[in-house]
Number of protein chains: 2
Amino acid sequence: MLMNYRVILNVLGTVIKLLGISMLAPLLVALYYHEPDSIRIFAASSVLAFLTGLLLEKAFRTEFEELSLRESIVIVASGWLMAAAFGGIPFVLAGLSPVDALFESMSGFTTTGSSILPDIEIYSKSILFWRSMTMWLGGMGIIVLVMAILPRIAVAGRQMFQSEAPGPMKDKLKPRLKDTAQILWWVYIIFTALEITLLYFAGMTLYDATVHTFPTLSTGGFSSKNLSIAAYDNFRVEMIILIFMFIGGSNFNLFYRTIRVDWKALIKDREFQAYTFIILFSTMVIALELWNWGETLTRSLRFASFQVVSIITTTGFASTDFSLWPESTKFILLLLMFVGGSAGSTGGALKVVRVVLLMKYGAREIYRYIHPKMVRPIRLGDTVIPDDVMQAILSFSILYILVFLGSSLVLSMLGLDFMTSISASATTLGNVGPGLSTLVGPMANFGSIHVIGKLVLILNMWIGRLEVMTVLVLFVPSFWKK
Amino acid sequence: MLMNYRVILNVLGTVIKLLGISMLAPLLVALYYHEPDSIRIFAASSVLAFLTGLLLEKAFRTEFEELSLRESIVIVASGWLMAAAFGGIPFVLAGLSPVDALFESMSGFTTTGSSILPDIEIYSKSILFWRSMTMWLGGMGIIVLVMAILPRIAVAGRQMFQSEAPGPMKDKLKPRLKDTAQILWWVYIIFTALEITLLYFAGMTLYDATVHTFPTLSTGGFSSKNLSIAAYDNFRVEMIILIFMFIGGSNFNLFYRTIRVDWKALIKDREFQAYTFIILFSTMVIALELWNWGETLTRSLRFASFQVVSIITTTGFASTDFSLWPESTKFILLLLMFVGGSAGSTGGALKVVRVVLLMKYGAREIYRYIHPKMVRPIRLGDTVIPDDVMQAILSFSILYILVFLGSSLVLSMLGLDFMTSISASATTLGNVGPGLSTLVGPMANFGSIHVIGKLVLILNMWIGRLEVMTVLVLFVPSFWKK
C-alpha cells in the first residue's frame with residue numbers, strides 16, 4: 001500500500017500552523033513586560049510557523065479518510081519532531097545553537113525537563129514562559145490537542161491516538177475521539193487553573209505561578225529559576241506542586257470516570273493503588289536514609305516526598321540538590337525513573353501498570369515452570385490481561401532497556417563518567433529531566449555534553465515520549481517500502 | 001503428587017559422599033607438601049562428608065524411577081547448596097566464619113570466583129588447591145558429574161540434567177544421559193590435561209599450573225595469588241589462559257560434534273560466531289580507549305583482550321587492576337557480565353545465544369508492529385526458534401533483571417556505593433567474580449561487606465548458576481504443597 005504523503009504533509013501543516021498561533025501567548029507576555037527583543041523573536045517565530053503551516057495545508061489539501069497505521073506513525077513521529085523544531089526557533093533567535101535549541105525544545109514538548117542552559121535567569125520572561133508552555137502543550141499530547149480543536153482530523157485519527165497515548169491499553173472514554181480528546185483537555189485545563197490560583201495564594205507572582213504550573217501538570221519540570229523549586233524555599237509551594245505532580249502522574253481518564261461514572265473509580269484502580277504504594281514506600285525508605293545521613297526527620301520527609309513524587313511522575317523539579325544525596329537514595333531514584341507515571345497520565349517511562357504486569361508475569365512464569373500444563377492468566381484486579389497485551393509489554397520493555405543501554409554506552413564512550421552516562425540516558429528516555437550526578441544533576445545542566453551526546457539525548461526524549469515503537473519503526477527499511 | 005523425599009535424600013547422600021572422596025585430592029597435596037594442619041583439616045572434612053553421605057544413602061535406600069520435575073528441582077538446588085556447605089568445611093576449620101566459608105565455597109562450586117579472603121597467600125597450598133578444585137568440580141555440573149560416575153542416577157535424571165545444564169535448549173548428544181555426561185567429562189578432562197601441560201612449559205610450577213587450570217576451564221577465576229594472573233606478568237601464561245578461558249566459554253557439545261560428526265560444526269555455529277564477534281569487537285573498543293588513556297598500543301591490546309575474554313566467559317581472572325580503568329571501559333565490562341558464555345559451556349550469566357535471540361526478538365517485534373498480520377518466526381541460522389523457547393528466554397531475562405535490581409538495591413541500602421552495589425550484584429549473579437569498583441575489584445575482595453550483603457551475594461551465585469528458575473521456585477509456597 002502506498003503511503004499518502006499528501007495527508008501526512010497536510011496534518012503536519014496544521015500542527016505547525018497551530019504552533020504558530022500558540023506563540024501569540026509568549027508574544028503577549030513580551031508585550032506586557034516590554035521586552036523589545038523578545039517581541040521581535042516571537043513575532044518572527046509565530047509568523048514563520050504560521051505561514052509554513054498554512055502553506056503546507058494549502059499545498060496538500062486533501063480528503064480525509066481513516067489513516068493507515070503507517071501513515072499515522074509517520075504523522076505522530078514527525079509531528080513531534082516538527083513541533084520541537086519549530087518550537088525551538090525562538091531559542092535560536094535568542095542566541096542558542098540549533099542543536100541546543102532543538103534539545104531545549106524537544107525537552108519541553110516531550111515534558112522531559114533536561115536543560116542545556118547554564119544560567120536560566122538571564123533569559124527574558126517571555127522566553128521562559130514559552131519554554132514552560134511547550135511542556136503544557138506537549139503534556140496531554142500534541143495530536144490529542146489537534147484533535148480536540150479540529151474534529152476533521154479526529155475522524156481519521158484512531159491510529160494516531162493509539163500511537164501517541166501513553167500506556168499499554170488505550171482507554172477511549174467516548175465513542176468519538178473528538179469527545180475523548182476534548183474531555184481530556186478540559187480536565188487538564190481545570191487542574192491548570194486550580195494550580196495557578198493556589199500557587200498565587202501561596203505567595204508566588206501570577207507569572208511565576210503560571211510558569212511553574214505548566215511544567216507541573218504536564219510532569220515536565222522546567223523552572224524559571226536556576227535552583228528550581230528550591231529557589232522559593234516555601235513549604236506551601238512545595239506541597240501544592242507535589243499534589244499537582246501527583247495528579248499529573250495519575251490516569252486522567254480516571255478523574256473523568258470518578259466524577260461522572262463512579263466516585264470510587266480512582267481508589268479502586270489497581271494501577272493507582274500501586275502508584276500510591278510505590279510513592280509512600282520509596283518516600284519512607286529515602287526519608288530514613290536521609291535522617292540517618294544527618295538531616296532532621298521533618299526535612300527528610302519533606303525532601304524525600306517531594307523528590308520521590310517529582311521523579312516517579314517524571315517531572316524532575318528539585319526542592320534540594322539530590323545529586324549530593326547518599327548513593328543508596330540515588331539508586332532508588334534511578335529505579336523510579338524507569339517506573340514512571342500511570343498509563344493515560346502526562347508522565348513518561350515504563351508506566352506503573354507495565355511494571356506491575358512485568359512483576360506478575362515473572363511470578364506467573366515461576367508458577368508455570370512448576371505446573372507447565374496449568375493455564376493461569378495474568379489479572380489486574382478483575383481484568384484478565386490478554387496475551388497480546390502482555391507480549392507488547394514484554395517487547396516494549398526489552399526495547400526500552402536496549403535503547404537505554406545503547407545510549408548509555410555512547411555517552412560513556414564520549415568520556416562521561418558512569419553515573420552521568422546512565423542517569424542522563426535514563427532521565428531523557430523516561431522524560432524525567434535531571435540526572436543523578438553533580439555534572440547533570442538538578443542544579444546543573446546538559447550544556448557541557450558533546451554535541452553527539454546531545455543528539456543521542458534528543459533522540460532518547462523523542463523515543464521515550466512516543467513509547468519506543470512509534471519512533472523505532474522509522475529506522476526499519478521495510479517500513480518505507482511499498 | 002507427593003514428593004518422594006527418600007529419593008531426594010538418597011541422591012543428596014551420594015553427592016555428599018562423592019564430595020568426601022574428592023577431598024582426598026587436597027589431602028594428598030597436604031601430605032606431599034608436609035602441611036600438618038591441613039592434613040588434619042582435610043582428613044576430618046573428608047571423613048565427615050563421606051560418612052554423612054553414606055549414612056543418608058543407606059538410611060534412604062530406594063528404588064529409582066524417573067523423577068518428577070519437582071523432585072529433580074529439589075535435588076539439583078539442594079545438591080548445589082549441600083556441595084557448597086560441605087565443601088566449605090575445610091575453610092571453617094582453617095579459621096573462616098561459617099558465612100565466609102559458605103561464600104568462598106559457593107563461589108567455588110558455582111565457578112564465580114568472588115572471594116572474601118583479604119590475603120590469599122597466607123593459606124596453605126592444599127587449602128588453595130581445594131579452593132580451585134571446587135571450581136573444576138562445579139564447572140561441568142555436579143549432577144552431570146554424578147551421572148557420569150553413577151549410571152543408576154542417570155537413568156532417573158533427565159529432568160535433573162535439564163535443570164542444571166546451562167542454556168535455553170538442552171543438547172543431548174547421545175540417547176543415554178550417562179553417555180552424554182561421560183562425553184562432556186572426557187572433553188573437559190582432556191582440555192584440563194592439555195592446559196596444565198602448556199602452563200607448565202610456559203614456566204609455571206606443576207602446582208601453580210594445576211591450581212590455575214581448574215579455574216580456567218571451569219571459567220571460575222580463583223587464583224592462588226593476591227594479584228591473580230598479574231602476579232606472573234608472563235605474556236605466554238596470559239595467552240594460554242586466554243585461549244582456555246575462550247574454550248571454557250564455548251559450547252562443549254560443539255567440540256564433540258566438531259571432532260566426531262562435522263569438522264565445521266564449531267565455525268558454522270551462530271552462537272559461536274556471535275561469541276567470537278562480541279569478543280573481538282569489545283577488545284577493539286576497550287583497547288582503543290586504553291590507548292587513548294595513555295597505555296601503549298601493545299599493552300592496550302594485551303590487557304583488553306585478556307580482560308574481555310575473562311569477563312565474558314565469566315572467569316574473572318585479572319592480568320591488571322581493571323577497576324582503575326576509565327569508566328567507559330568498565331561500562332563495557334559490566335555489559336559483558338550480563339552476556340556471559342555460550343550455552344552448554346561452563347560460563348554463566350544470560351549466555352550469548354539468549355542475548356542474540358533477545359535482539360532478534362526486539363527486531364521482530366518492531367517488524368510486527370508495522371505488519372501485525374505477518375507471521376515471522378525467529379531464526380538462528382537454519383533453526384526456527386519455537387515460541388515456547390522464546391517465551392522461556394523472555395521470562396528468564398525479566399527474572400534475571402529483577403533479581404539483579406533487587407540484590408543491587410539491598411547492597412546499596414547497606415551503604416555500599418553505586419558502582420560497588422551493581423557490579424557486585426552483576427558479578428555474583430553472572431558467576432563472574434570480581435566487581436568493578438576498587439572496593440570489590442580484581443585486586444580487592446568481598447570481605448568488608450556486611451554479613452547480610454554476603455548472604456545476598458551467596459544467594460545470587462546459587463540463583464545465577466542454576467539459571468534462576470531452579471532456585472526461585474523453591475520460594476513459591478505452592479511448590480511445596482501437595
Side-chain angles (χ1 to χ4, degrees), chain A residues 69-70 73 285 288-289 292 326-332 334-335 338 358-359 361-372 388 391-392 394-399 401-403 405 408-423 436 468-470 472-473 475-476 478-479, chain B residues 69-70 73 285 288-289 292 326-332 334-335 338 358-359 361-372 388 391-392 394-399 401-403 405 408-422 436-437 468-470 472-473 475-476 478-479:
Chain A
L69 175 62
R70 289 198 306 156
I73 288 171
V285 174
L288 285 174
E289 301 238 10
N292 183 42
E327 299 228 324
S328 55
T329 65
K330 289 204 265 179
F331 189 61
I332 297 172
L334 185 69
L335 291 180
F338 283 87
L358 278 178
M359 303 252 186
Y361 175 80
R364 202 272 305 266
E365 291 302 298
I366 296 175
Y367 181 86
R368 279 219 310 169
Y369 187 75
I370 326 170
H371 310 287
D388 59 331
Q391 284 304 312
L394 287 174
S395 49
F396 173 80
S397 310
I398 299 276
L399 289 168
I401 292 170
L402 290 177
V403 172
L405 293 176
S408 305
L409 189 58
V410 173
L411 293 178
S412 137
M413 288 174 64
L414 292 171
L416 296 175
D417 69 278
F418 189 73
M419 192 50 140
T420 300
S421 304
I422 62 168
S423 71
L436 294 170
V468 183
M469 282 295 186
T470 306
L472 285 192
V473 290
F475 299 97
V476 179
S478 81
F479 180 80
Chain B
L69 175 62
R70 288 197 306 157
I73 288 172
V285 174
L288 285 174
E289 301 238 10
N292 182 43
E327 299 228 326
S328 55
T329 64
K330 289 203 266 179
F331 190 61
I332 297 172
L334 185 68
L335 290 180
F338 283 88
L358 278 177
M359 302 250 185
Y361 175 80
R364 201 272 305 266
E365 291 301 298
I366 296 175
Y367 179 86
R368 278 219 310 170
Y369 187 76
I370 326 169
H371 309 286
D388 59 332
Q391 284 304 312
L394 288 174
S395 48
F396 173 80
S397 310
I398 300 276
L399 290 168
I401 292 170
L402 291 177
V403 172
L405 293 176
S408 306
L409 189 59
V410 173
L411 293 178
S412 139
M413 289 174 63
L414 291 172
L416 296 174
D417 69 279
F418 189 73
M419 192 50 140
T420 300
S421 304
I422 63 168
L436 294 170
S437 67
V468 183
M469 283 296 186
T470 306
L472 285 192
V473 290
F475 299 97
V476 179
S478 81
F479 180 81

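Residue numbers begin at 1 in each chain, while the letters A, B, ... track the order of the sequences. The figures here come from the full heavy-atom set of this structure, side chains too, leaving out hydrogens, waters and symmetry mates.
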Reported CZ-to-CD distance for the pair Phe396(A) and Glu365(B), which is rounded to 0.5 angstrom: 13.0 Å
Heavy-atom proximity to chain A below 4.5 Å, by part of Tyr361(B): side chain
Under 4.5 Å from a heavy atom of chain A, the part of Ile401(B) involved: side chain
Heavy-atom pair count under 4.5 Å with chain B, highest-scoring of Gln391(A), Arg364(A), Lys330(A): Gln391(A)
Largest heavy-atom contact set with chain B, pairs under 4.5 Å, which of Ala363(A), Ser421(A), Ser328(A): Ser328(A)
Engaged part of Leu405(B) at the chain A interface, taking heavy atoms whose separation is under 4.5 Å: both
Steps toward side-chain contact (heavy atoms from CB on, under 4.5 Å) verdict (Leu436(B), Phe418(A)): CA-CA 11 Å; Leu436(B) 294 170; Phe418(A) 189 73; over 6 Å; no
Side chain / backbone / both / neither for Tyr367(B) at chain A, heavy atoms under 4.5 Å: side chain
Engaged part of Val473(A) at the chain B interface, taking heavy atoms whose separation is under 4.5 Å: both
Steps toward side-chain contact (heavy atoms from CB on, under 4.5 Å) verdict (Phe475(B), Ile366(A)): CA-CA 10 Å; Phe475(B) 299 97; Ile366(A) 296 175; over 6 Å; no
Ile370(B) versus chain A, the contacting section by heavy-atom distance below 4.5 Å: both
Engaged part of Val468(B) at the chain A interface, taking heavy atoms whose separation is under 4.5 Å: neither
Under 4.5 Å from any heavy atom of chain B - which part of Leu399(A): side chain
Ser408(B), part contacting chain A, at a heavy-atom distance under 4.5 Å: both
Distance, nearest 0.5 Å, that separates CZ of Phe331(B) from CG of Leu411(A): 9.0 Å
Residue selection (most heavy-atom pairs with chain A, distance under 4.5 Å) from Ile398(B), Thr329(B), Leu409(B): Leu409(B)
Option in Pro372(A), Ser397(A), Ser395(A), Gly362(A) with maximal non-hydrogen atom pairs under 4.5 Å from chain B: Ser395(A)
Residue Leu335(A) versus chain B: region with a heavy atom under 4.5 Å: side chain
Winner by heavy-atom pair count (cut-off under 4.5 Å) against chain B, out of His371(A), Glu327(A), Met359(A): Glu327(A)
